[in-house]
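Sequential numbering from 1 along the given sequence is applied to the chain's residues.
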Amino acid sequence: MEMTINMTPPTKTENIRYTADGDLFKEMGMKELPFKSHFSMIPLIKLIEKRAKDGNQSEAFLAQAILDRLEEAPEFREPIQDISVIKKNMEIAEMMMLFLIPPAGRDKRLAKISPPFSMEPIYFTPALQKMMKNNEVNLILPGGMDKMYCANVIKACTFILNRFYDQEIEDDQLISLTVNEEDTNLTRYFKTIVDLDFIEIEATKPLKPLSQQQINELLSNIYDINLWLKYLPPENFAFHGFMVGQLTDITEEESLSRIKFHLLGQDAVMGQENVEKLESLLRTYFRQPDLRMGITAIDYPMEQAVSHRYRIRFDFLAHKHECLLNDANTNSIYEKVCKYREILLIEDLESVSNKTPIEKDLISEGIKSIIVAPLKNKKGNIIGILEIGSPRPFQIHSFIELKFKQIVDLFAMAVERSRDEVDNRIEAIIREKYTAVHPSVEWKFIENAFSILENREKDISKEPPSILFDDVYPLYGQADIVGSSDTRNDAIQADMRTNLQLANHTIKKCLEVIRYPLLQQLRMYIEQDLKTLDGEFNSSDESRIIELLQGEVHPIFRQISHNHGELSGFIATYFGRLDPEFNIVYKKRRAYEDSVAMINRTISKYLEKEQQEMQRLLPHYFEKYKTDGVEYDLYLGQSLLRRGVFSEMHLQNFRLWQMIHMCEITRIVDNLQTKLEVPLVTAQLIFAYTNSLSIRFRMDEKQFDVDGAYNVRYEILKKRIDKATINGTEERLTQAGKVAIVYLQEKDRQEYLRYIEFLKHEDYIEDEVEDLEINKLQSVQGLKALRVTVKR
């Protein structure tokens with residue numbers, strides 16, 4: 001907690017503000033000191049009397065003159081209860097102050113005197129009075145009034161221990177002052193040094209004996225006021241005299257400290273508010289109210305630039321220049337700073353010869369003098385630019401440059417830290433969305449990384465251990481869009497036909513107006529291609545037609561439109577029917593692709609939600625792929641678990657769950673039909689591979705794959721069953737609205753028949769179960785399948 005008090009400065013004639021019945025802190029709710037305390041000039045009079053006898057000639061003369069005048073004010077030799085006594089004898093009081101503050105320092109030293117352990121001023125030096133006259137003075141009290149009260153009590157108690165119990169305790173608690181200068185709007189910082197030499201203490205009762213153990217107990221509990229007042233009862237002591245408080249200007253040190261503290265904060269140079277705070281601190285540091293600061297992250301040379309931005313762009317020309325170091329700004333002050341890697345000071349921008357757009361724009365922005373510094377990271381690479389500028393020539397000069405150099409490295413560290421933070425966030429996003437490292441196996445990668453780190457620290461050049469999971473069970477599933485290749489080809493064929501017809505119609509309109517033999521030749525090619533589209537269509541036809549349209553037809557149309565304004569409308573109508581991205585008719589194909597994308601998104605979203613719920617039941621590795629439909633691999637087993645135990649029950653539970661969600665996917669796609677531009681359905685396939693296998697993370701491909709020659713057979717089977725047909729027929733195994741389960745062994749069939757019985761009971765599927773044999777595939781034979789129809 002920090003409490004701020006605004007102190008109203010005294011008027012010109014009222015430099016004495018103490019009253020016997022209260023002070024500033026009483027008015028603000030601060031409790032009175034429990035000790036008796038009186039303001040008294042007696043300790044100072046004793047010093048003056050001593051100087052009159054023992055001082056040098058000049059001191060003795062002054063001291064004697066003051067003592068003579070004191071005969072006119074005998075009240076000064078008693079504790080002063082009424083401050084008007086000092087007001088009536090101000091001239092004598094001013095003479096006495098000469099022994100505290102020499103005349104030569106009165107106009108410079110910021111000092112005051114106060115009653116013992118009170119902050120209420122009795123006397124201001126002219127310098128302090130002048131400073132407070134037109135400025136807002138904020139008294140910063142760390143911890144608030146309670147902490148201040150506690151500090152005063154402890155200070156008084158340590159004073160007692162030092163005077164009466166032979167201790168040498170230093171109580172160096174400081175009070176800081178900030179002064180906001182009204183004319184410049186700058187802040188100045190001061191620390192208060194308190195002199196207690198003119199305080200006398202009287203033991204009003206016999207001293208209470210204290211052992212060293214008791215004193216040590218007090219020093220171990222400096223915030224326990226009750227304990228201190230128990231050992232040092234307030235009624236046993238009384239204070240007389242005054243304190244001398246002096247303010248020392250620490251603006252430069254404090255502002256530099258605050259700059260350092262701010263730059264240590266997170267996102268210190270990111271965000272307009274943070275940068276404006278830094279600019280305000282720099283104005284105080286350099287004592288320039290109209291100083292401006294700019295900072296930007298930049299990579300130099302530009303070839304080293306990363307492919308993303310760091311969101312640190314607060315230079316003076318951020319709103320005018322996309323990049324400070326592009327070719328148009330060659331030889332600018334920013335390029336020179338980066339090229340020569342040195343701080344550049346320009347005291348008058350107007351005087352710069354051969355100004356680039358950078359210098360001209362800086363002047364138009366009101367910058368007339370400037371310092372620019374390259375910011376370097378730990379490797380010495382340039383990662384940013386820091387600049388300060390002024391609207392007045394020569395306001396930024398060599399003395400400013402000396403102070404500026406002290407802060408450049410601080411800003412460099414802040415920019416580097418912010419850039420690293422951005423890089424880390426981007427890496428986290430990449431890991432989350434794009435890499436093959438699934439959260440369920442991330443623990444294994446962390447263990448591996450730690451092993452690598454340990455080897456590096458021990459300077460061991462050892463290959464990192466492989467990331468391998470043995471004895472895991474695979475579950476493969478696929479929801480494939482039925483007839484996707486034919487539907488895609490039909491969409492492409494329809495778009496090509498429409499495009500050719502539009503081109504042919506446009507050529508016909510042009511030939512009605514102008515004679516252009518080359519158009520007649522193109523019309524012949526177009527009509528030939530239209531006949532081709534009525535027959536069998538293949539990918540070579542597509543590429544040839546696109547090349548004809550974009551390479552020959554479109555250039556001629558543009559030339560004719562340019563030369564014959566009367567035909568520009570017809571030609572513009574043609575181009576208006578084309579897709580702006582592909583420059584061909586793309587209507588049917590886009591409708592098909594949008595429909596495929598909607599099915600893929602819907603299935604993927606459902607699978608993600610389902611498998612995340614299953615992750616809570618048992619962590620497992622899951623990876624899905626989007627093609628014309630969605631397929632996925634799922635692995636589970638003991639080696640994938642960092643904690644817990646895997647059992648056969650888990651495997652059976654996941655297989656049954658796979659059967660259920662395949663039925664659900666069939667229904668989901670069926671319910672999507674009204675939202676699809678092109679009607680599409682899916683066929684569901686499960687590969688019941690009941691043997692365990694091993695998977696290994698391939699560092700070159702950054703993904704998991706089955707490991708070992710025997711296990712590769714699983715991958716071969718998985719890829720070929722998609723095209724499987726029923727034995728003795730050409731009928732595809734996968735059919736719309738159905739779920740097919742391919743298996744290898746009779747025990748697999750019996751297991752899945754039990755799951756099918758449950759699905760019938762839960763009304764997921766029809767009663768009929770097809771028991772099928774599959775035609776021989778390439779290098780694969782003997783496969784069998786079960787197939788069921790999903791209830792809609």
Side-chain angles (χ1 to χ4, degrees), residues 4-20 22-28 30 39-41 43-44 47-48 62 66 69 73 76 80 82-141 148 174-199 241-251 254 284 287 289:
T4 302
I5 300 173
N6 292 332
M7 296 178 63
T8 305
T11 63
K12 184 175 182 179
T13 57
E14 286 188 309
N15 61 338
I16 307 297
R17 301 182 59 230
Y18 177 86
T19 58
D23 61 24
L24 174 66
F25 289 93
K26 289 181 184 177
E27 294 169 10
M28 302 198 67
M30 183 172 175
F39 176 73
S40 172
M41 302 286 276
L44 180 56
L47 174 65
I48 294 171
L62 176 60
I66 294 172
R69 290 295 303 274
F76 277 27
I80 299 174
D82 186 353
I83 202 63
S84 63
V85 170
I86 296 181
K87 290 183 179 181
K88 286 192 305 182
N89 299 280
M90 181 56 67
E91 185 177 334
I92 300 174
E94 293 278 4
M95 291 177 66
M96 295 176 69
M97 291 303 111
L98 294 175
F99 274 88
L100 298 176
I101 303 158
R106 291 186 48 163
D107 293 332
K108 293 182 179 180
R109 290 180 63 178
L110 305 173
K112 66 179 181 63
I113 65 171
S114 304
F117 307 108
S118 169
M119 294 295 293
E120 186 66 15
I122 299 295
Y123 172 85
F124 284 112
T125 61
L128 182 57
Q129 183 175 335
K130 181 180 178 182
M131 184 190 77
M132 295 182 65
K133 181 179 178 181
N134 296 317
N135 296 314
E136 179 187 9
V137 180
N138 299 313
L139 177 62
I140 308 300
L141 305 177
M148 187 65 186
L174 296 178
I175 297 174
S176 61
L177 286 170
T178 68
V179 177
N180 300 320
E181 296 179 341
E182 191 174 60
D183 56 340
T184 64
N185 200 31
L186 294 177
T187 300
R188 294 175 66 189
Y189 303 98
F190 300 87
K191 69 177 180 181
T192 302
I193 301 172
V194 179
D195 182 0
L196 304 180
D197 290 343
F198 296 94
I199 295 178
F242 58 87
M243 301 188 305
V244 180
Q246 181 169 313
L247 302 183
T248 302
D249 193 328
I250 56 168
T251 300
E254 180 65 17
T284 299
R287 308 306 301 160

Quiz item: Taking the side chain as C-beta and beyond, is there a heavy-atom pair between Pro43 and Ile199 under 4.5 Å?
Solution: no
Quiz item: Quick one: are Glu94 and Tyr123 in side-chain contact, heavy atoms under 4.5 Å?
Solution: yes
Self-check item: Rounded distance [0.5 Å steps], CZ in Arg109 versus OG1 in Thr125
Solution: 8.5 Å
Quiz item: Can you tell me how far the CG atom of Asp197 sits from the CZ atom of Phe242, to the nearest 0.5 Å?
Solution: 9.5 Å
Practice problem: Write down the atom of Thr251, the atom of Thr187, and the distance for their closest heavy-atom approach. | Solution: CG2-O, 3.8 Å
Self-check item: Contact summary for Met243 and Pro116, nearest pair of heavy atoms
Solution: CG-CA, 4.0 Å
Self-check item: Straight-line distance of Phe76 CZ to Ile92 CD1, nearest 0.5 Å
Solution: 6.0 Å
Quiz item: When rounded to the nearest 0.5 angstrom, what distance separates CE in Met95 from CZ in Arg69?
Solution: 6.0 Å
Self-check item: Residues forming a side-chain hydrogen bond (donor to acceptor under 3.5 Å, both in side chains) with Thr248, sequence neighbours excluded
Solution: none
Quiz item: Applying the side-chain contact (heavy atoms from CB on, under 4.5 Å) test to Tyr189, which of Asp249, Thr284, Val179 qualifies?
Solution: Thr284
Quiz item: Measuring from Ile101:CD1 to Gln246:CD, what's the distance to the nearest 0.5 Å?
Solution: 7.5 Å
Quiz item: Are side-chain heavy atoms of Met97 and Leu100 found at a separation under 4.5 Å?
Solution: yes
Practice problem: Taking the side chain as every heavy atom from C-beta outward, state whether Ile113 and Phe198 have any atom pair closer than 4.5 Å. | Solution: no
Quiz item: Do you know which two heavy atoms are closest between Leu128 and Ala111, and how far apart they sit?
Solution: CD2-O, 3.4 Å
Quiz item: Can you find a heavy atom in the side chain of Lys112 that is under 4.5 Å from one in the side chain of Ile122?
Solution: no
Quiz item: Given side chains that start at C-beta, do those of Arg188 and Glu254 come closer than 4.5 Å, heavy atoms only?
Solution: no
Quiz item: How many angstroms lie between atom CG of Asn89 and atom CD1 of Ile80, to the nearest 0.5 angstrom?
Solution: 9.0 Å
